[in-house]
Amino acid sequence: MRLLLDTPVLLYARGGEHPLRQPCQQLLQQVSAGLFLPECSVELVQEFAHVLLRRGVPPRTVARDARAVQTACRVHSFDEVVLDAALDLVARGGALGMRDAVHAATALVHGLDAVVTTDRAFAAVPRLKVLTPAQACDALGA
């Protein structure tokens, strides 16, 4: 199963107490155990690093953690094909912002099975299956 990760999965796994923290951590434990290779847009790595910097995480730590994400995932480029697909998704209107449109377009352009997210806005994207972290763990047999 080819799954695209959304940035909040990484942020909840890393963050403080929250109901979504445990399922996000469980999913990333499956990655660490080598049970599956998540995929992402290069925009996810940028967004993850951006949020950490905004939260005051030291730059060296941000760079290290962003590189760890880059290494743990199959990273897809943000090219003109993905940009055009993302702009088409944004043009439809709705709650999907541009960064999420890039993630969704990456999944669609590269034929991924689903996006793993905590964000309900992805549900409005045609032809894109959306899984919560808990659903992804179940689908992977955890």
Q: Go through the steps to decide whether Gln30 and Phe36 satisfy the test side chain to side chain contact (heavy atoms under 4.5 Å, CB included), and finish with yes or no.
A: CA-CA 7 Å; Gln30 290 189 356; Phe36 85 104; 4.2 Å; yes
(Q) Could you walk me through whether Leu108 and Leu128 satisfy the side chain to side chain contact (heavy atoms under 4.5 Å, CB included) test, starting with their C-alpha distance in whole Å, then the side-chain angles of each, then the deciding distance to 0.1 Å, before giving a yes or no? (A) CA-CA 7 Å; Leu108 294 170; Leu128 183 62; 4.2 Å; yes
Q. Between Arg55 and Leu11, does a side chain to side chain contact (heavy atoms under 4.5 Å, CB included) hold up when you go through it step by step?
A. CA-CA 11 Å; Arg55 290 181 178 175; Leu11 295 171; 4.1 Å; yes
Q. After noting the C-alpha distance and the side-chain angles of Leu27 and Leu140, does the key distance pass the side chain to side chain contact (heavy atoms under 4.5 Å, CB included) rule?
A. CA-CA 9 Å; Leu27 183 65; Leu140 293 165; 3.9 Å; yes
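Side-chain atoms of Asp119 come within 3.5 Å of backbone N or O of Ala121 as a donor-acceptor pair. Under a 3.5 Å cut-off, the side chain of Gln25 and the backbone N or O of Ala13 do form a donor-acceptor pair.
Of all non-hydrogen atoms in Thr118 and Cys24, the two that sit nearest each other are CG2-SG, 4.4 Å. Closest non-hydrogen pair, Asp6 versus Phe122, comes out as OD2-CE1, 3.3 Å. Residues Val116 and Ala136 share a closest heavy-atom pair of CG2-CB, 3.7 Å. Among all heavy-atom pairs drawn from Ser41 and Leu4, the shortest one is N-CD1, 4.0 Å. Looking at every heavy atom in both residues, Leu44 comes nearest to Leu5 through CD1-O, 3.0 Å. Nearest heavy-atom pair, Val45 versus Cys40, reported as atom, atom and distance to 0.1 Å: CG2-SG, 4.1 Å.
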For residues 79-91, tabulate all N or O donor-acceptor pairs below 3.5 Å that involve a side-chain atom, not counting sequence neighbours.
| residue | atom | partner | partner atom | Å |
| --- | --- | --- | --- | --- |
| Asp79 | OD1 | Val81 | N | 3.2 |
| Asp79 | OD1 | Val82 | N | 3.0 |

Show which side-chain atoms of residues 63-75 pair as donor or acceptor with protein atoms under 3.5 Å away, not counting sequence neighbours.
| residue | atom | partner | partner atom | Å |
| --- | --- | --- | --- | --- |
| Asp65 | OD2 | Arg14 | NH1 | 2.3 |
| Asp65 | OD2 | Arg14 | NH2 | 3.2 |
| Thr71 | OG1 | Arg67 | O | 2.9 |

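In the hydrophobic cluster analysis, where Ile, Leu, Val, Met, Phe, Trp and Tyr join through side-chain heavy atoms closer than 4.5 angstrom, Leu131 is grouped apart from Leu96.
Sorted pairs that involve residues 83-106 and meet ring pair (Phe, Tyr, Trp, His ring centres under 6.0 Å), not counting sequence neighbours, are lacking altogether. Residue pairs satisfying the salt bridge (Lys or Arg N to Asp or Glu O under 4.0 Å) criterion with at least one member in residues 120-133, sequence neighbours excluded, are absent.
For Arg2, the CZ atom is densely surrounded, since the number of other residues' heavy atoms within 6.0 Å is greater than 12.
Judged as a ring-ring contact (aromatic ring centres under 6.0 Å, His included), and not counting sequence neighbours, His50 has no contacts.
Tyr12 belongs to a hydrophobic cluster with Leu20, counting contacts under 4.5 Å between side-chain heavy atoms of Ile, Leu, Val, Met, Phe, Trp and Tyr, direct or through other members.
Residue Leu112 holds its CG atom at 4.5 Å from CD of Glu39, rounded to the nearest 0.5 Å.
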